[in-house]
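Labels below follow one simple rule: chain letters A, B, ... track the order of the sequence lines, proteins then strands, and each chain is numbered from 1. None of the values given here were measured: they were computed from a predicted structure. Every heavy atom of this structure was used, including side-chain atoms; hydrogens, water molecules and symmetry mates were not.
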Protein chains: 2
Amino acid sequence: MTRPLRADALRNRERLVAAATELFTGSGVDVPLDRVAKRAGVSIGTLYNHFPNRGALIDAVLPDRVGELDRLAAHACAAGDPWSGFTTFLYGMFEMQAADRAINDAILQGRPPGPTAVPAECGRGGGVVEQVLGRARDAGVLRADFGPSDLGMLVRSMAQVIAWSEGDDEVWRRHLGFVLTGVWAGRS
Amino acid sequence: MTRPLRADALRNRERLVAAATELFTGSGVDVPLDRVAKRAGVSIGTLYNHFPNRGALIDAVLPDRVGELDRLAAHACAAGDPWSGFTTFLYGMFEMQAADRAINDAILQGRPPGPTAVPAECGRGGGVVEQVLGRARDAGVLRADFGPSDLGMLVRSMAQVIAWSEGDDEVWRRHLGFVLTGVWAGRS
DNA sequence: TAACAACTTGAGGGCCACCTCAGGTTGCTG
DNA sequence: CAGCAACCTGAGGTGGCCCTCAAGTTGTTA
């Protein structure tokens, strides 16, 4: 079906993804596409040959990063204590989110009619994430009614908090701490 | 210094504010200014005569609404129980925020380098708000270290949650409940 | 190496919102 | 009511970004 790309085409595509990754990560997913093309050393036309729109480019950039979620979640499941597994998973995840404006922006901008495939990607890793949640719930340390949609909302709200933290991790950590205390079901 | 406006100028200014209030409230603070002018029955040039930029218009629209905060806060202080005073204040405030896209948008978009004077306005009512906080803290029902900046962060994060709730108040109420549980310092 | 298809190029058209300003209109004052 | 300032008007300039496409270039296959 899909015949192999010509050598130069493949090279250009890789350069484009690399340039987009850099710019999206640093300045958000709103950077003019001309700038992405220029940084890739390629014409704007070529960019559009490979990616019909901005969303396609974002979709090409994000999945790599989302893969890290799997590792984080696996690590969390391996932890002895379900609660600390759950919390370190969240802290790790938001650390990643705070370090990469592309991710944070994608979450912020994924307004109700989400344009890109981020939700789909999140669904992919959803299985593992659901495991982390389930383990904490079953152990009775997480509110029994805390579901994936609650986590989704937390991610979105934290994206906003992170954007306001301006690089100071302590700021969003503090806020996250409040919420975690709120969803903790253990005995104090 | 500032001599009184001419009669027609005053009328136009009022019409502009009214039109902007309607449009901002319903469709967010991003509506094209041409549309605001048209709805006010005034030319775009007149709009710029009165308000040099969008921020000035927003500043003219919001303060009315922020005034309601004072009433809410006063009501909260009048409540017998400091904790229920605190929580009903917050629920009331976010209800207002959920009902008015102008407010919610202004909060969401007031990115770190905030353009409009919303923060200043919040500071104005800040005295009363600080009272509500202080009362709850002094009564030992609110974390002793929960300050105004924490409240500010909560407001911002809730703005995001509200935007995602798409009119379903139960959604943001649920999330707010988590956070409130987290900052509650009473004995369970 | 010929010859085709795949790919690239970048000027340019479209769109939309922002904002200006020269000229016309209107309230106001004496 | 004259005459001046204050005010209004809206066509049009500006800028940014989006996206297209006809013409040129380059990899590839035979």
Check: A/Ser27 side chain, A/Phe24 main-chain N or O, donor-acceptor pair, under 3.5 Å: no
Output a table of donor-acceptor pairs, distance under 3.5 Å, between side-chain atoms of residues 88-96 of chain B and any protein atom two or more places apart or on a different chain; print 'none' if there are none.
residue	atom	partner	partner atom	Å
B/Thr88	OG1	B/Ser84	O	2.7
B/Thr88	OG1	B/Gly85	O	3.2
B/Glu95	OE2	B/Arg173	NH2	2.2

Carboxylate-amine/guanidinium proximity below 4.0 Å for A/Glu22 and A/Arg35: no
Sugar-phosphate, base or nothing in reach of A/Ile44, heavy atoms under 4.0 Å: base
B/Ala7 side-chain proximity, nearest of C/dT26, C/dC28, D/dT26: C/dC28
Between P of C/dA6 and CG of A/Leu10, the distance in whole Å: 16 Å
Sugar-phosphate, base or nothing in reach of A/Asn12, heavy atoms under 4.0 Å: sugar-phosphate
Closest to side chain of B/Asp8, choosing from D/dC8, C/dC18, C/dT9: D/dC8
D/dC7 OP1/OP2 closer than 4.0 Å to side-chain N/O of B/His50: no
Side chain of A/Tyr48 - closest among D/dG27, D/dT20, D/dC7: D/dT20
Under 4.0 angstrom between B/Arg6 side-chain N/O and C/dT26 OP1 or OP2: no
Options C/dT8, D/dT9, D/dC8, nucleotide nearest the side-chain atoms of A/Ala9: C/dT8
Distance, rounded to the nearest Å, where A/Asn53 contributes CG and D/dC19 contributes C1': 11 Å
Separation of C/dC28 C1' from B/Leu5 CG (nearest whole Å): 14 Å
A/Arg13 CZ - C/dT8 C1' separation (whole Å): 15 Å
side-chain N/O A/Ser43 vs C/dG10 OP1/OP2, d < 4.0 Å: no
Closest-nucleotide 5' rank along DNA chain C - winner of B/Asp30 and B/Arg11: B/Asp30
Separation of atom CD in A/Glu14 from atom P in C/dT8, rounded to whole Å: 12 Å
B/Asp34 CG to C/dT20 P, straight-line distance once rounded to whole Å: 14 Å
Atom-to-atom span, CZ of B/Arg54 to P of C/dA17 - whole angstrom: 10 Å
Spacing between B/Asn49 atom CG and C/dA22 atom C1', to the nearest angstrom: 13 Å
Exam field: side chain B/Arg54 to backbone B/Val29, donor-acceptor pair closer than 3.5 Å: yes
Mutual orientation of the aromatic rings belonging to A/Phe146 and B/Phe178 [parallel < 30°, tilted 30-60°, perpendicular > 60°]: tilted
